[in-house]
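Because only heavy atoms are used, hydrogens play no part in the values below, and waters and symmetry mates are left out as well, while side chains stay in. Counting convention: from 1, in listed order, for ligands and their atoms alike.
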Amino acid sequence: MAGILHISEKELRGRIDQIIRFGWLTAPGALFVVLVANRLLPGGVPLPSLLGTIAGLAAGNALISLYCRHLDSLRAPQKRYFSLAHIQIVLNMVFLTVFLHFMGGLETPFFFFYLVYVVLASTLFPSTTSFAYAGLAVCLYHSLLIFEWLEIIPHYNLAGFRNPVRFQQPIHVFVTGFAMTITTFATAYFASSIVVRLRERERELTETNLFCETRGKELVRLNHRLQEMDKARSQFIRLVTHELRAPVAAIQSYLKLILDGYVPPDREREIIQRAEQRALDQLALIGDLLYVARLDEPEAKANVEALDLAVVLGEVSNLIRGQAESKALAFSVEIAPDLPLLEANLEHMKQLWTNLISNAIKYTMRGGVVAVSLSSNTEGIVGTVQDTGIGISPEDLPRIFEQFYRADNAKATERHGTGLGLSIAKRIVETYGGKIWAESEIGKGSIFSFLLPIRFFPHPLLNRIEQWRKE
Ligand code: ADP
């Protein structure tokens with residue numbers, strides 16, 4: 001809004017109240033001055049006219065405060081309050097001029113009261129408006145002096161206080177008017193510049209508060225996230241310790257059986273083989289755990305290259321095909337032509353395919369089918385591994401991507417397993433902004449699918465290039 005300072009509704013209302021309160025104080029104050037003057041200079045002041053002026057001032061103030069309440073009840077916009085403030089300041093200045101006239105015009109020193117209204121205007125309005133009020137004060141006072149000097153209006157002499165001819169001495173009228181003009185404009189200047197500076201500080205403070213509030217919320221959110229991460233870490237350590245302990249305890253008990261002589265010599269080899277198998281389980285678990293730890297290393301995310309996923313799948317399936325053949329599985333790989341390249345870490349992609357395909361082989365009975373396919377759609381590259389294996393029950397399906405989770409039918413089919421393969425696959429896919437999911441029917445088979453968006457670049461530099469391109 002032009003010509004209006006941006007102050008809060010509450011502050012504006014406070015200022016208006018302040019002006020009204022000041023108006024209420026002015027009336028008794030003026031009355032006091034008049035009574036004292038009348039006492040000191042009996043017959044020197046026109047008492048009825050002065051009392052009438054004061055009554056007019058009080059009535060004007062009463063009307064303004066009533067109107068203000070009316071605006072409150074209407075929940076009127078700020079603009080109306082500003083107009084009210086203008087009316088009140090102008091009214092007070094006019095009453096002051098009338099009061100000065102009856103109090104002897106140039107002879108009374110109360111003209112300094114104009115400054116109070118100029119300061120009040122400076123606290124509410126921009127500097128141009130407070131200068132306009134300074135101008136109004138100067139005009140009103142000068143008109144009074146000139147009209148009295150030219151005898152257009154009568155002059156009331158404060159007999160016994162000032163020389164009656166002073167109001168007609170040009171030098172006196174000029175000096176008084178000049179002093180009043182300079183003082184009024186200087187007051188308007190200083191008051192409004194102080195208010196402007198105060199408002200700037202206030203705005204800065206509000207902005208800082210807002211910033212602190214946002215940062216505070218951010219910190220609370222981060223703290224919450226840290227707590228969650230800490231909880232997940234503790235849970236992971238608990239699970240890892242448990243999983244690591246089991247094979248060591250088994251090995252120790254096998255060895256103890258032999259050492260204590262409970263195993264007949266012809267069965268010793270069998271028990272040692274079992275112990276070895278548990279040691280191998282332990283090694284597999286440690287291997288998977290090391291892999292999980294490596295996934296978090298920054299180098300793993302930085303070491304990306306443009307990969308042809310078809311080539312990666314070809315390499316992995318060649319290595320793994322032997323396992324499928326040893327179980328007489330029908331193993332097929334279908335790759336769509338002209339697949340786009342994917343910016344990814346080679347080891348990650350190999351691990352992803354290996355985990356999914358080896359699971360399919362592991363959990364499919366002899367003579368079953370394992371079919372792998374790779375294609376692309378508008379969202380990215382899609383890989384699927386389908387088998388006719390043991391399947392996953394609806395209760396287990398939502399949990400198979402959790403760390404160390406193994407379904408009962410899987411444990412019954414294949415004793416050895418870490419329960420980490422799928423969680424590693426999920427972590428890899430999510431590193432590249434993709435998703436992985438499974439569909440399955442118990443006893444019939446499963447389909448594991450993943451989607452890797454082609455435009456997602458985990459390498460920081462590639463990410464930035466992508467961002468620039470978008471901008
Ligand atoms: P692991 O195979 O070592 O048990 P994974 O994390 O690779 O661990 O798999 C977690 C669980 O998901 C398995 O224990 C099994 O219950 C289930 N699962 C994974 N792949 C298949 C599959 N192809 N067919 C049936 N169940 C599967």
Side-chain angles (χ1 to χ4, degrees), residues 232 235-236 239-240 242-244 246-247 250 277-295 313 316-317 319-321 323-324 326-333 347-374 382-431 435-450:
Q235 197 187 0
F236 181 70
L239 282 169
V240 169
H242 174 80
E243 295 294 321
L244 284 175
Q277 184 55 54
R278 298 313 300 260
L280 288 174
D281 287 350
Q282 178 87 321
L283 279 177
L285 178 61
I286 292 171
D288 277 356
L289 286 172
L290 281 175
Y291 194 85
V292 171
R294 274 214 308 276
L295 273 178
L313 172 59
V316 172
S317 50
L319 279 175
I320 233 164
R321 194 180 294 273
Q323 287 176 30
S326 70
K327 282 181 87 177
L329 300 175
F331 183 70
S332 67
V333 177
E347 281 312 309
H348 287 173
M349 293 302 115
K350 277 187 179 171
Q351 191 71 36
L352 173 63
W353 281 122
T354 308
N355 289 5
L356 295 181
I357 300 173
S358 63
N359 271 355
I361 295 173
K362 193 160 63 171
Y363 297 115
T364 304
M365 300 308 166
R366 285 187 73 79
V369 176
V370 171
V372 184
S373 77
L374 180 64
V382 182
T384 62
V385 179
Q386 185 167 7
D387 64 55
T388 54
I390 57 169
I392 305 160
S393 72
E395 300 82 55
D396 291 320
L397 202 57
R399 300 196 59 192
I400 53 168
F401 290 99
E402 285 175 17
Q403 281 167 337
F404 303 112
Y405 189 80
R406 300 197 72 210
D408 286 343
N409 66 336
K411 283 185 203 160
T413 311
E414 176 61 59
R415 272 191 60 204
H416 310 291
T418 59
L420 283 173
L422 283 185
S423 69
I424 290 175
K426 185 169 186 274
R427 287 270 299 276
I428 292 174
V429 170
E430 285 174 355
T431 305
K435 56 181 178 178
I436 185 166
W437 65 99
E439 297 147 85
S440 187
E441 205 176 321
I442 194 99
K444 290 208 169 156
S446 317
I447 309 174
F448 283 84
S449 315
F450 64 82

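Side-chain contact between F450 and L356 is present, with heavy atoms from C-beta onward closer than 4.5 Å. Between V292 and R427 the shortest side-chain heavy-atom distance falls below 4.5 Å. Side-chain contact between Y363 and N409 is absent, with no heavy-atom pair separated by less than 4.5 Å. In this structure, the side chains of Y291 and L420 stay at 4.5 Å or more apart for every pair of heavy atoms. Using a 4.5 Å cut-off on side-chain heavy atoms (C-beta onward), Q386 and S373 make no contact. Two residues are said to be in side-chain contact when any heavy atoms from C-beta on lie closer than 4.5 Å; L244 and L289 meet this criterion.
Taking CD1 of I400 as the start and OG of S440 as the end, the distance is 7.5 Å to the nearest 0.5 Å. Atom CD1 of I361 is separated from atom OG1 of T364 by 8.0 Å, given to the nearest 0.5 angstrom. Atom CE of residue M365 and atom OG1 of residue T388 lie 10.0 Å apart, to the nearest 0.5 angstrom. To the nearest 0.5 Å, atom CG of residue D387 and atom NZ of residue K362 are 12.0 Å apart.
Interface atoms of ligand 1 facing A360, defined by a heavy-atom separation under 4.0 Å, are 23 (N). The distance from ligand 1 to the heavy atoms of S446 drops below 4.0 Å at these ligand atoms: 24 (N), 25 (C). Here is the list of ligand 1 atoms found below 4.0 Å of a heavy atom in K362: 1 (P), 2 (O), 3 (O). Close approach of ligand 1 to G391 is summarised as follows: ligand atoms under 4.0 Å from at least one heavy atom of the residue are 25 (C). Ligand-side atoms of ligand 1 in range of F448: 19 (C), 20 (N), 21 (C), 22 (C), 23 (N), range being under 4.0 angstrom from any heavy atom. Near T418, meaning under 4.0 Å from any of its heavy atoms, are these atoms of ligand 1: 3 (O). Every atom of ligand 1 with a heavy atom of G417 under 4.0 Å away is listed here by number and element: 3 (O).
Nearest to atom 15 (C) of ligand 1 among the protein's heavy atoms is A410 CB, 3.5 Å. With hydrogens left out, the protein atom closest to atom 10 (C) of ligand 1 is Y405 O, 3.3 Å, a heavy atom. Protein heavy atom closest to atom 13 (C) of ligand 1, with residue, atom name and distance, is Y363 OH, 3.7 Å. Distance from atom 25 (C) of ligand 1 to its nearest protein heavy atom, with residue and atom name: I392 CG1, 3.6 Å. Closest protein heavy atom to atom 4 (O) of ligand 1: R406 NE, 2.6 Å.
Under a 4.0 angstrom heavy-atom cut-off, G419 registers as being in contact with ligand 1. The shortest heavy-atom distance from N355 to ligand 1 is not under 4.0 Å. Within the 4.0 Å heavy-atom cutoff, E414 does not count among the residues contacting ligand 1.
Both the backbone and the side chain of A407 come within 4.0 Å of ligand 1, counting heavy atoms alone. With a 4.0 Å heavy-atom cut-off, ligand 1 is reached by the backbone of I400 and by its side chain too. With a 4.0 Å cut-off on non-hydrogen atoms, K411 does not touch ligand 1 at all. Heavy atoms of F401 found under 4.0 angstrom from ligand 1: none, in either backbone or side chain. Contact annotation: for L420 versus ligand 1, heavy atoms closer than 4.0 Å belong to the backbone alone.
When every heavy atom of R406 is checked against every heavy atom of H416, the shortest pair comes out as NH2-O, 3.7 Å. Taking both residues in full, the closest heavy atoms of Q323 and S358 are given as OE1-CB, 4.4 Å, listed atom of the first, atom of the second, then distance.
For ligand 1, the polar-atom distance check finds an N/O of G421 within less than 3.5 Å of one of the ligand's N/O atoms. For a threshold of 3.5 Å applied to N or O pairs, the pair formed by N359 and ligand 1 contains at least one separation below that value. Residue D387 has at least one N or O atom closer than 3.5 Å to an N or O atom of ligand 1. In terms of polar-atom proximity, L422 is counted as a contact of ligand 1, with an N or O under 3.5 Å from an N or O of the ligand.
Ion pair D396/R399 not flagged as a salt bridge, since none of the NZ, NE, NH1 or NH2 atoms sits closer than 4.0 Å to an Asp/Glu carboxylate oxygen.
Between the side chain of N355 and the backbone N or O of G421 there is at least one donor-acceptor pair closer than 3.5 Å.
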